[in-house]
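Before any comments, here is the structure.
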Amino acid sequence: MSELDAAWQATVGSIAAARRKPDQAGGEAVGVTVLTGFLGSGKTTVLRQLLTEPAGLRIAAVVNDIGPVNIDAAAIRGLPVASRSLDRVELTNGCACCALVDDLAETLEGLAGSQTSDAIVVEASGVADPATLALAVEASAGCTLDGVVAVVDAKQLASQLDDPRIGPAVRRQIDVSHVVVLSKVDEVDGDEAAALIGRIGKIAPGRMVVPSVHGRIDPRVLLGAAMRGATFRADSGEHPFNVASAVATPAGSWDVAEVARWLEDPPPSLLRAKGWFSSPGGDTHAVQVVGRSWRIMPATDVHDPAIVLICSSQEAADWAAVSLQRLG
């Protein structure tokens, strides 16, 4: 083994050792990072990057998504993961801080008990209350809270904070975090980024704000959030924002231009949409919608056609699904 390899192994070992803490039973507790952020903030991109470049750690990922089709979990399947071993667990059709909190605790205890992971990352749904999740982590046997990381979208944050419907939820996620990741920072200019960091500082004084491009962030910062960021008072409260979801399942192919026209003038209640559809030529396309921003791009993997629509009410979500399915 070369001196460089030996130094790297020592560094990885020190990170893993620092993350392991004794639990109440005298064994080793696994550190759990809660990855939070509003709908479309870029959490899954951050998680994908972490799993692809895990700094030699064995990382287990727990993905919670809203709706019966777990789009975010599908996005991390089949990654060319560099970690020594990896578990992926999906919590589907509910918010982990509400209906699935017992499932989350059971999942975390199972992962911790297997002793196959150096770290566990819980990617929360976009409307989950991170404080409630943090308390659930602390109550799970064999686990310790390694930190809460809030991902915020540099392009959307200002309008989200000014929106009376979703502003309180976004502020809550920032306020209870140890570290804030400012994603997509390459899509705004320097003055705008500085202004956003200033707004984050007013919401959560003392928090470390880490700019990120394409989800890249040093694993030592992401997995050591509680050691590097300011602490928060993890009081659980009411769910900060209620949403509903519906799934549009194409019966056949959709014309890309028709989908684009629908996205140009979506239902006003649509907060987020994501999924896949097939065009008449047989190609599969991925759809990503965050607020009024949207993208249609070639899908890199084969997926069953389905688009999850997240709106402010169930009636609005159902109407949006019916409207979209008329394209077929």
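- Between D163 and R165 there is a salt bridge, since at least one side-chain N of the basic residue sits less than 4.0 Å from a carboxylate O of the acidic one.
- Here W319 pairs with P267, S323 under the side-chain contact (heavy atoms from CB on, under 4.5 Å) rule; sequence neighbours left out.
- Taking every heavy atom of both residues into account, A193 and L182 meet most closely at O-CD2, 4.3 Å.
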- Query: Passes side chain to side chain donor-acceptor pair (under 3.5 Å), S279 versus H285? Steps please.
  - Reply: CA-CA 7 Å; S279 61; H285 304 271; 3.1 Å; yes
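- Donor-acceptor pairing under 3.5 Å is recorded for the side chains of E123 and T44.
- For S278 (side chain) and G282 (main-chain N/O), no donor-acceptor pair under 3.5 Å exists by modelled atom type.
- With sequence neighbours left out, T36 forms a side-chain contact (heavy atoms from CB on, under 4.5 Å) with P130, V148, A150, Q173.
- Not one N or O on the side chain of K274 forms a donor-acceptor pair closer than 3.5 Å with the backbone of Q288.
- Taking a cutoff of 4.0 Å between a charged side-chain nitrogen and a carboxylate oxygen, R261 and E258 qualify as a salt bridge.
- D186 contributes no side-chain N or O that, together with a main-chain N or O of V213, makes up a donor-acceptor pair within less than 3.5 Å.
- Between S117 atom OG and L111 atom CG the span is 6.0 Å, to the nearest 0.5 Å.
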- Derivation and outcome, salt bridge (charged side-chain N to carboxylate O under 4.0 Å, His left out), residues D162 and R199: CA-CA 11 Å; D162 294 336; R199 293 191 70 172; 3.1 Å; yes
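- A search for side-chain contact (heavy atoms from CB on, under 4.5 Å) contacts involving E315 returns S313, not counting sequence neighbours.
- With hydrogens and angles ignored, the 3.5 Å screen pairs no side-chain donor or acceptor of T144 with any backbone N or O of A29.
- Here S159 contributes atom OG and I166 contributes atom CD1; the two are 6.5 Å apart, rounded to the nearest 0.5 Å.
- Formation of a donor-acceptor pair under 3.5 Å by the R207 side chain with backbone atoms of D175 is found in this model.
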